[in-house]
Amino acid sequence: MTVRRRFWLMKSEPDCFSIDDLERVGTEPWTGVRNYQARNFMRNGMRHGDGVLFYHSNCNPPGIAGVASVASDAYPDPTQFDRTSHYFDPKATREEPRWFNVDVRFERKLSRLISLEEIRGHADDLGDEFALIKRGSRLSVMPVSSAQWSLLLSLESAR
DNA sequence: GCCAACGTTGGC
DNA sequence: GCCAACGTTGGC
């Protein structure tokens, strides 16, 4: 039985960790996600091999900078147990971990940044429920349909 | 740096 | 369970 590949968008602040950083290290454990909705997408939805749009946030201009892939199934985020970590969570236990992460693997940089502004220009095709352009949404990990995936990547060579 | 919008915490 | 206070996100 084949499991259909799913698609995701993951945000990262390039000052903190950019697509170039991901290219350098190859694969990165996506630790530190402390939002339940984002956690649920990683823990319950992501499968090894899924496609990832790597989005640069909190920068100028924000937008999709590259393509990555999910390189593991979800596992307990080790930083929740690390007292020295910024992401330490005193309520998490090894028996009942609260936070999970996947590994993210570099695939390629886009030939140009697909900016948020440009993405907004295709809101009609992307749909109202696309969290990236939904008003007030701050989700850092979100699902992308195969139609949205194709549309967004088609913009790379669209001009 | 500002601040709107959202999520979480914790007292009650 | 309510909700005020606080913290965070992230575009601008």
Side-chain angles (χ1 to χ4, degrees), chain A residues 6-25 28-46 50-70 74-104 106-107 109-145 148-149 151-156 158-159:
Chain A
R6 299 172 190 171
F7 303 102
W8 309 92
L9 182 144
M10 300 174 86
K11 295 180 183 176
S12 184
E13 301 192 13
D15 286 349
C16 181
F17 191 83
S18 70
I19 189 71
D20 292 317
D21 294 322
L22 185 61
E23 179 170 27
R24 197 171 308 118
V25 299
E28 178 75 2
W30 210 254
T31 57
V33 171
R34 292 296 180 267
N35 170 279
Y36 287 106
Q37 211 177 344
R39 178 204 70 178
N40 291 344
F41 285 134
M42 282 202 294
R43 188 185 61 183
N44 309 336
M46 286 191 180
D50 285 356
V52 174
L53 297 171
F54 194 97
Y55 179 89
H56 281 175
S57 66
N58 200 15
C59 57
N60 191 15
I64 298 167
V67 178
S69 63
V70 176
Y75 56 91
D77 181 339
T79 63
Q80 70 193 305
F81 308 124
D82 178 359
R83 291 184 177 282
T84 67
S85 170
H86 175 68
Y87 298 112
F88 176 67
D89 184 341
K91 292 181 180 169
T93 64
R94 301 213 176 247
E95 294 69 33
E96 278 188 81
R98 183 182 284 199
W99 306 110
F100 289 79
N101 69 281
V102 296
D103 294 341
V104 174
F106 177 82
E107 296 294 337
K109 281 179 75 169
L110 296 194
S111 56
R112 67 183 187 88
L113 185 93
I114 308 299
S115 72
L116 178 61
E117 182 183 20
E118 185 174 356
I119 293 167
R120 284 219 169 95
H122 296 269
D124 286 350
D125 295 324
L126 290 166
D128 292 341
E129 293 311 304
F130 189 40
L132 185 68
I133 52 176
K134 202 170 177 179
R135 177 186 146 86
S137 172
R138 301 176 312 182
L139 255 189
S140 63
V141 176
M142 68 191 73
V144 173
S145 71
Q148 289 165 338
W149 173 272
L151 170 62
L152 290 166
L153 287 179
S154 76
L155 300 178
E156 183 184 10
R159 73 177 181 205

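Below, read A as the first sequence line, B as the second, and so on, with proteins coming before strands; counting in each chain starts at 1.
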Strictly under 4.0 angstrom, non-hydrogen atoms only: write out the protein contact profile of nucleotides 5-12 of chain C, one letter per nucleotide from the 5' end, B, S or -. --BBBBBS
Contacts of A:Arg24 meeting side-chain contact (heavy atoms from CB on, under 4.5 Å) (sequence neighbours excluded), chain-then-number -> A:Asp20, A:Asp21
Report which part of the nucleic acid A:Lys134 touches: base, sugar-phosphate, or nothing (heavy-atom distance under 4.0 Å, all strands).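 The answer is nothing, as A:Lys134 stays clear of every strand by at least 4.0 Å.
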Would you classify A:Arg135 as touching base, sugar-phosphate or nothing, given that sugar-phosphate means primed atoms plus P, OP1 and OP2, and contacts are heavy atoms under 4.0 Å? sugar-phosphate
Pairs of donor and acceptor atoms involving the side chains of residues 96-104 of chain A, under 3.5 Å and at least two apart or interchain, shall be tabulated with distances.
| from | atom 1 | to | atom 2 | distance (Å) |
| --- | --- | --- | --- | --- |
| A:Arg98 | NH1 | A:Tyr36 | OH | 3.3 |
| A:Trp99 | NE1 | A:Asp89 | OD2 | 2.8 |
| A:Asn101 | ND2 | A:Tyr75 | OH | 3.1 |
| A:Asp103 | OD1 | A:Tyr75 | OH | 2.4 |

Just to verify, what does A:Phe7 make a ring-ring contact (aromatic ring centres under 6.0 Å, His included) with, not counting sequence neighbours? A:Trp149
Got a sec, which residues hit ring-ring contact (aromatic ring centres under 6.0 Å, His included) with A:Tyr55, two or more places apart in sequence or on another chain? none
Pairs where residues 120-129 of chain A contributes a residue and the test side-chain hydrogen bond (donor to acceptor under 3.5 Å, both in side chains) is met, not counting sequence neighbours: A:Glu129-A:Lys134
